[in-house]
Amino acid sequence: MANQQVVAADQAPVAARPADEQINLKKRIRPFEVLIQGFLFFSGAVSIITSIAIVVVLGKEALLFFSTPTWHELRDQNNSLVSLATDIETDATTLKIPAGTEVKIPLNGKIRLDNEMMRVTAFEGDTITVERGLEDSPQVAHKAGAIIEEEGDKVSVVEFLTGTKWQPHVGEFGVLALVSATLTISLIAMAVALPLGVGAAVYLSEYASESVRNKLKPILEVLAGVPTVVYGYFALTFVTPILQGLLGKETLGIYNMLSAGLVMGIMILPTVASMSEDALRAVPRALREAAFGLGSTKLETSTRIVLPAGISGIVAAFILGISRAVGETMIVAIAAGARPYFTFNPFEAAETMTGHIVRISTGDLSYGTIDYDSLFAIGLTLFLMTLVLNIVSRQVATWLREEYD
Amino acid sequence: MSATENSTNTVSQYSQYLPDDKQLQKNIARRNRQAIIWKYVFLFSIVLAMFSLFMLFFSIIRQAFTYVTIYDQVNPATLSDKPLENLSQQELGDVIENHYGAIRTGRNDIRTLVFNNVLGLSLSDQEKIADRERAKETVTVREVFEDKDKKYPAELADQSVIRLDVVGYAALIEQNFDQEQLYDFVIKNVVQPLIVNSWTLDEYFFSRDKVNQDIADTEARLREDKKDPTIELTEPKFHSWVQWHLITKTIDLSRPEDAGLRTAIIGSLWMITLTILIALPLGVGAAIYLEEYSSGGWLARIIQTNIDNLAGVPSIIYGILGLALFVRALEKITSGDIFGLGVGGNTATGRTILSASLTMGLLILPVIIINAQEAIRAVPDSLRQASYGLGATKWQTVWNHVLPNAMPGILTGTILAISRAFGETAVLVVVGSITRITVDPSGPFSRFTVLPLQIFALITQPQAQFRNVAAAGILLLLTILLSLNAVAVILRSRFSKRAV
Amino acid sequence: MTNPNGTSKYALEARNLHIFYSSFRAVRNVTMQIEPNKITALIGPSGCGKSTLLRSFNRMNDLVLGSHAEGEILYRGQNLYGNNVDPVEVRRRIGMVFQKPNPFPKSIFDNIAYGPRILGQRNKKILGEIVERSLRQAALWDDVKDNLKKSGLALSGGQQQRLCIARTLAVEPEIILMDEPCSALDPIATLRIEELMRELKENYTIIIVTHNMQQAARVSDYTAFMLMGNERAGELIEYDQTERIFTKPNDSRTEDYITGRFG
Ligand SMILES: Nc1ncnc2c1ncn2[C@@H]1O[C@H](COP(=O)(O)OP(=O)(O)OP(=O)(O)O)[C@@H](O)[C@H]1O
Ligand SMILES: [Mg+2]
């Protein structure tokens, strides 16, 4: 009874609303909601801003790279370095080079000693007359023996893309020297990751029972979650010595592409395996039943029906794997060595694009030098390579979806 | 098999098109054999993957716990005629008085030890004392020691705490340490054992001869180097490189056995915290925008494609972006200059924690967004409709109903992103954290290093023992990451249970 | 019923057959004989174990984890569930057509050539003959003879199902099991498949599961009626010539079902 009364009392005000009450149903602006919406939109836009920033930054600085003249060491007729014969004072305008050296120095050309730039105004015998401290470079005294550098041409895009020598000190910037190592290591990595990854995927999706799969997959995830610096350690301190034991220390140095590539393959394996497994599991059960119904063995069903049906997913995994390999950094920085040579020999040490970026940025890199700018040109090349690979991979993956929906 | 024998006369419909029954029977045996062989080939792939993981861990553990030979830089036999561990407090004090400085430079070193180990003074406190002394004021032993509640000999009470001689400092140490602490002190600072060579566990167990040969070689080389034919290595023993001082000490690139990773760990923590503060709101915001606010038009599609593409950009590219954008272009902000907050001592540059966190934030943004989107999508529509039905606004619906329900999923994604950021090295190499730093970072504008980067620096040191330190550091790193992943797995499983 | 030399006059014979999914008994104690070169229909309400029974006839149930059978299925004197019986061999001799057409995502030619190929037939010319013969038998040849390279998925539903039948015929089975082969097809395509079945029974024994009473009455020679009994286990209620089942069934439950008073 008491309860009912309370309810009745509560209802009273509602019931008492006058029929002619004015109700406002007009649209109302809620400032807080608008503010929130603005922030949310901004959050979404950040990713676009990031992309634009990547393209602009890489593009702009890479342009700078292609418009900066290179410097290389001055060499005489015997191709040996030319250095200063005597000390020069802060404001002296003549330099001496060792007597009897024959060099070609263009008049009005620029030369560089340490970091000071000078313009050659006259050149006779072993005496060079210069204008000092060009372009605000620090005008300081130089010691005898300082190496003289001369200004060379700019690096053209064609030279950059087709050159096979990467020797900044002589003005050679051929990115193929770095790309060759990147490709070699990526190929080794894929040679490991593809067969093992697909094999593991077939096992997980076609053979393993649910409970076995549930146990194995987390372990694969652990493998995928190990930081790459640890893989680098593994390559350098474990895999390389074993390989050296197998192949001999003469064949295989401490730093080599083989070890880096093998370990990178292990690193990529979980990605390839899990993407391939997804692709295989997306193949309808009906196809397997049809194959078994015709008297196929498990192997025939897996390899002749399921694998071809899931092939686009596997190709996508493969391409994404390559893209990962191309962009992978720490393993190669630790285990592949620091030799930017054009080579496809896996037993040799060689520097990849990413490895080179790491090496030049761990040194003391001063802004505005051609080395600094080259970092962006390499970065841009790398970015474009991986972007294309990623887009192709995603496209291939959509083909799969279209097939069965 | 009777069926096979009989088949020829009963089955007339079998044509010439297929191999005859005998042949088929043979084929089937071969096919079944192949099926079994390949089953093992596939199994082998996954076993090999597991084996690699095992080997990976093994390769680290074998380097983190090693068999070592030690060379005592001062032979304990020359310090006392009794074994050191049997000496009394008094006698140990004498050893310090008489022998401290045989190798070390002497007074400055022992003073630092007193300040750090006995008094536990912070760097800034030590700085203050030095400043007062420079201003010709005498900071007495009494003042400092009473302040810290430590004992001191009366005769030293009025002397300047920074101008004592070795004997004085030795007395202070003797008064405040018990026998065990004194013994440790003598070993560390007088005997100064040095690990001169180390062998991995497997080398110890499987190539004993080589190890013994190595030990003899090491000893011979040491005798030659020091021109002292009496030098003897102490008994080789096992040494764990995983030690407490790994997280309490700073890096020391001259003595591997003393190198600690404190600066790097603190740097990692700062960086991760800041990264999350930056990336979490933006990531979840973007996910909410895409799932709840946008109407799936071209803009949303572009953003979505863009996020997918960003997820595939190599991390080193983000590093280059961070270098150009945050370190250089926004140097004024990221160095703290415009706030007047640039940390003194380190020349103000943009290579700060803030720059690194901003870069790392961009790097993990796609991971957070994609996971948050999935979590939000999994929230049933009925919930939203119920909320709208009660007259809630869009944001109220999102805040009160969608977000709380999507939270476990969002958290899982965030943890995964954190563990990615924790192990990320390449980005920070390029953004330029420094590896020799020993000053703990104190804020967003400090220069810093992080754990994986410090490990990278250790790996590239020429002295082999730093690889052992690196291995210990890796174990630390992996422990952190595995714990993070475990939390994520638990969260995810609870999440999926609730969703059912 | 077994000849002294081990063969039987029946194409298949189930004896006291029980089929389980883990511990759940889906089919209880079925005993029946399948006449050769006849069409046998399995009918009954949903979930009564028709598919389960049918799939046990060529051991397709093996693919379901935890499934097993008790009792015997005799095929030419041999127990299909006996030790040492290779399901791969069984399935070639006892083919299957599924409810939903499931051509492989390959060309029409490759779809049909798949079976002969795994059986070891590599000869291009012979494969071509097999493909033509199978497609003719399945009444699909005229529709597709000009583009055998076309993907099997590009055909209409009815054509796809005939392709699947042709694919089964290509491995020359003795018995063809069909699990609701027409349920995904329109009436015209259904009629064509039924016609096809009548042609095929000259050379093959066909067992078909169907929910369509008229279809069972139209095409089958024998009909088995199943029903869920105790503990949801399917049981064989009545098995006889189709005419009898549809005109004067022995069991009242059969009558209820076919007159639509039930399930
Ligand atoms: N893979 C399986 N695992 C466990 N139980 C199953 C499985 N397949 C079928 N069953 C069960 O076995 C029983 C018989 O199923 P079956 O598919 O044979 O019925 P059906 O007569 O073919 O039904 P429908 O007419 O709907 O196709 C059902 O209770 C079903 O739930
Ligand atoms: Mg069924």
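First the proteins, then the strands, lettered A, B, ... as listed; each starts at 1.
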Which one wins on heavy-atom pair count under 4.5 Å against chain A: B:R62, B:R420, B:Q304, B:E424? B:R62
Taking the side chain as C-beta and beyond, is there a heavy-atom pair between B:W395 and A:L35 under 4.5 Å? no
Residue B:L477 versus chain A: region with a heavy atom under 4.5 Å: side chain
What I'd like to find out is whether the side chain of A:T237 reaches to under 4.5 Å of the side chain of B:Q63, using heavy atoms alone. yes
About how many Å separate CG of A:L382 and CD1 of B:I317, when rounded to the nearest 0.5 Å? 4.0 Å
Check B:G423 against A:P227 and note the closest heavy-atom contact, atom names and distance. O-CB, 3.5 Å
CD1 on A:I36 to CH2 on B:W399, rounded to 0.5 Å: 8.0 Å
Is it the side chain or the backbone of B:L56 that comes within 4.5 Å of chain A heavy atoms, both, or neither? both
Okay, B:Y293 and chain A: the region with an atom under 4.5 Å from a heavy atom over there is side chain
Please flag which part of B:I303 lies under 4.5 Å from any non-hydrogen atom of chain A: side chain, backbone, both or neither. both
Can you say whether the rings of A:F41 and B:Y289 are parallel (under 30°), tilted (30 to 60°) or perpendicular (over 60°)? perpendicular
Using a 4.5 angstrom heavy-atom cutoff, name the option from B:L43, B:I37, B:L478 with the most pairs to chain A. B:L43
Does the side chain of B:I316 come within less than 4.5 Å of A:M353's, by heavy atoms? no
Interface residue of largest heavy-atom contact number with chain A, from B:L362, B:I60, B:I307, B:T393, under 4.5 Å: B:T393
Within the side chain of A:Y233, is there an N or O that forms a donor-acceptor pair under 3.5 Å with the backbone of B:R467? yes
CD1 of A:I219 to CG of B:L53, rounded to nearest 0.5 Å, is 7.5 Å
Part of B:P281 lying under 4.5 Å from any heavy atom of chain A: both
Which answer fits B:V41, side chain, backbone, both or neither, if we ask what part of it has an atom under 4.5 Å from a heavy atom of chain A? neither
Of the backbone (N, CA, C, O) and the side chain (C-beta and beyond), which part of B:F422 lies under 4.5 Å from a heavy atom of chain A, both, or neither? neither
Going by heavy atoms in the side chains, are B:R328 and A:E61 under 4.5 Å from each other? yes
For A:R324, is it the side chain, the backbone, both, or neither that has a heavy atom closer than 4.5 Å to a heavy atom of chain B? neither
Where does B:L416 contact chain A at under 4.5 Å (heavy atoms): side chain, backbone, both or neither? neither
Is the shortest side-chain heavy-atom distance between B:F42 and A:T303 below 4.5 Å? yes
B:A324 and A:V57: which non-hydrogen atoms are nearest, and at how many Å? CB-CG1, 3.3 Å
Report which part of B:L48 has an atom under 4.5 Å of a heavy atom belonging to chain A: side chain, backbone, both, or neither. side chain
Quick check for you: to the nearest 0.5 Å, what is the distance between B:I46 atom CD1 and A:L216 atom CG? 5.0 Å
So A:L387 and B:N309, do their side chains get closer than 4.5 Å, heavy atoms only? yes
Rounded to the nearest 0.5 angstrom, the CD1-CG distance for B:I320 and A:L380 is 9.5 Å
Interface moiety of B:S52 toward chain A, non-hydrogen atoms closer than 4.5 Å: both
Highest number of heavy-atom pairs under 4.5 Å with chain A: which of B:N306, B:L299, B:L290? B:N306
So, the part of B:A471 with a heavy atom under 4.5 Å from chain A: the answer is both
Select one option (side chain, backbone, both, neither) describing which atoms of B:T425 are under 4.5 Å from chain A's heavy atoms. both
CZ (A:F234) and CZ (B:F57) are apart, to the nearest 0.5 Å, by 11.0 Å
Given side chains that start at C-beta, do those of A:E221 and B:N485 come closer than 4.5 Å, heavy atoms only? no
I'd like to know which of B:P314, B:A35, B:S45 tops the heavy-atom pair count under 4.5 Å against chain A. B:S45
